[in-house]
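Report on the structure given below.
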Amino acid sequence: MRISVEPLRIEPPRGLVLLDQTRLPQDEVWLEISSVEALCEAIQMLRVRGAPLLGLAGACGLGIAAATRGVSAEHLMQSARQLRETRPTAVDLGAAVDAGLAAALSVPEPERLELLWKRAIEFKAQRIAEDEALAAFGAELVPTGAAVLTHCNTGALATGGSGTALGVISRAWDEGRLVRCYATETRPLLQGARLTAWELGRLGIPATLLPDTAAASLIASGTVGLVITGADRIAANGDSANKIGTYGLAAVASRHGVPFIIAAPRSTIDLTCPNGAGIPIEFRSASEVGGFGGQRWAPDGVDAYNPAFDVTPGELIAAIVTESGIAPPPFGPSLRALMSGQ
Ligand code: MRU
């Protein structure tokens with residue numbers, strides 16, 4: 001297993017060090033984060049991002065809260081709320097924060113700080129191991145000699161391990177199955193063009209970047225044998241929220257008989273959410289559509305429709321790959337079985 005970069009370093013008791021993902025690939029800028037406010041800002045601005053990595057960041061956030069604000073139930077609960085509210089769609093963030101909070105509140109106050117950092121360190125190790133297991137299952141679904149298409153960024157920058165969909169792609173490349181990875185640029189924030197292309201380069205995987213608008217014609221041309229993405233929240237029936245544009249890829253793949261699969265850890269599966277209609281979708285600022293990195297191309301003041309995620313209906317998904325195995329359709333029973341360890 002190869003990990004292209006370590007985007008988050010845990011440095012207790014003061015905090016953590018993050019690779020600022022908004023500055024890649026031009027600049028590798030490392031941020032020392034030692035307050036809850038700084039971490040919330042980094043999450044909201046996507047300096048740290050990707051559903052599984054947000055879970056890890058949230059776990060670390062509680063450690064920072066305990067170190068800087070105190071370990072009383074009141075302080076920890078307030079910090080947990082603040083962290084949870086930074087981004088609503090990815091289930092991992094809220095779930096990791098809630099789990100850390102419950103664990104901290106179950107022990108006496110003097111033990112809470114150490115426990116929270118210990119849990120964060122264990123969380124990171126678990127993340128790496130889960131990505132490796134997921135990649136091994138997923139690589140088997142990559143047809144030998146195929147090119148694949150992926151969307152957004154699902155590599156080390158999104159998980160802290162080898163990645164979800166990108167981990168599968170990397171493993172398939174190492175096993176000699178894959179010939180090329182097509183990566184969408186991923187509007188509006190260009191996570192594909194800036195981050196996935198950077199990671200593919202570091203992993204030595206032949207890569208071709210395409211505008212999101214070229215994906216349908218690429219799939220229709222028969223060039224890719226598989227479309228694979230990550231997910232930010234998977235409902236109990238398999239409906240899956242992922243970066244905006246994923247639904248379109250899945251619909252076109254289905255139209256042309258190309259399998260569309262999702263790679264995500266079990267922590268992304270939310271059985272309390274019956275279907276996609278219950279997944280909260282984050283909307284972001286119009287300024288992200290009208291420009292990027294200080295450069296503006298749209299007229300000032302123009303309105304924009306800018307959802308960060310869409311929901312792909314479960315019936316368009318051929319398989320959901322996790323660290324515990326592959327869930328086939330129908331997803332209601334297969335996800336339940338996967339989550340109960342059967
Ligand atoms: O908005 P982001 O960049 O945090 O979006 C998350 C993603 O990168 C994806 O949608 C991804 O597939 C899930 S995280 C592996």
Side-chain angles (χ1 to χ4, degrees), residues 3-4 7-8 18-22 24 40 42-58 86-96 127-128 130-131 134-135 138 148-170 183-199 212 227-234 240-250 260-270 276 279-285 288-289 292 306-312 317 320-323:
I3 298 179
S4 65
L8 185 157
L18 293 178
L19 179 57
D20 185 347
Q21 299 193 27
T22 65
L24 290 172
C40 289
I43 293 173
Q44 275 162 341
M45 298 308 292
L46 308 188
R47 302 186 200 287
V48 57
R49 46 151 295 283
L53 192 64
L54 287 175
L56 177 56
T86 50
R87 297 196 71 196
T89 301
V91 67
D92 298 62
L93 173 60
R127 185 86 289 148
I128 293 169
E130 286 177 359
D131 279 7
L134 184 156
V148 304
L149 170 64
T150 192
H151 188 51
C152 197
N153 174 266
T154 58
L157 290 168
T159 72
S162 58
T164 55
L166 207 60
V168 170
I169 288 165
S170 172
T184 59
E185 61 180 359
T186 315
R187 290 282 291 131
L189 276 179
L190 308 176
Q191 283 99 328
R194 294 186 304 106
L195 309 179
T196 301
W198 184 73
E199 284 199 57
D212 294 11
V227 181
I228 178 168
T229 72
D232 294 80
R233 189 185 299 244
I234 300 172
S240 298
N242 192 53
K243 181 56 56 182
I244 190 72
T246 305
Y247 181 13
L249 299 181
F260 170 82
I261 67 173
I262 284 203
R266 293 195 319 161
S267 58
T268 299
I269 298 169
D270 182 2
I279 300 178
I281 298 295
E282 171 186 358
F283 277 73
R284 297 185 61 86
S285 149
E288 288 179 349
V289 182
F292 184 75
N306 188 18
F309 302 97
D310 59 21
V311 176
T312 298
I317 302 169
I320 296 175
V321 185
T322 74
E323 72 279 16

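Indexing begins at 1, ligand by ligand and atom by atom, following the structure's order.
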- Task: Could you please spell out the steps behind the side-chain contact (heavy atoms from CB on, under 4.5 Å) verdict for Q21 and Q191?
- Result: CA-CA 9 Å; Q21 299 193 27; Q191 283 99 328; over 6 Å; no
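Side-chain contact check for R49 versus L189: every heavy-atom pair is 4.5 Å or farther apart. At least one side-chain heavy atom of D212 sits under 4.5 Å from a side-chain heavy atom of E185.
Shown here are the salt bridge (charged side-chain N to carboxylate O under 4.0 Å, His left out) partners of D20, two or more places apart in sequence or in another chain: R47. Qualifying side-chain contact (heavy atoms from CB on, under 4.5 Å) partners for I317, counting only residues two or more places apart in sequence or in other chains: S240, F260, I262, T312, I320, F331. Remark: A156 engages I3, S4, V5, E199 in a side-chain contact (heavy atoms from CB on, under 4.5 Å) (not counting sequence neighbours).
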So what's ligand 1 close to, N/O to N/O, under 3.5 Å?
| unit_1 | atom_1 | unit_2 | atom_2 | d |
| --- | --- | --- | --- | --- |
| ligand 1 | 1 (O) | R87 | NH1 | 3.4 |
| ligand 1 | 1 (O) | R87 | NH2 | 2.8 |
| ligand 1 | 1 (O) | K243 | NZ | 2.6 |
| ligand 1 | 3 (O) | R49 | NE | 2.5 |
| ligand 1 | 3 (O) | R49 | NH2 | 3.4 |
| ligand 1 | 3 (O) | Q191 | NE2 | 2.9 |
| ligand 1 | 4 (O) | G50 | N | 3.0 |
| ligand 1 | 4 (O) | R87 | NH1 | 2.8 |
| ligand 1 | 8 (O) | R49 | NH2 | 2.5 |
| ligand 1 | 8 (O) | N153 | O | 2.9 |
| ligand 1 | 10 (O) | D232 | OD1 | 2.6 |
| ligand 1 | 10 (O) | N242 | OD1 | 2.8 |
| ligand 1 | 10 (O) | K243 | N | 3.1 |
| ligand 1 | 12 (O) | N242 | OD1 | 2.5 |

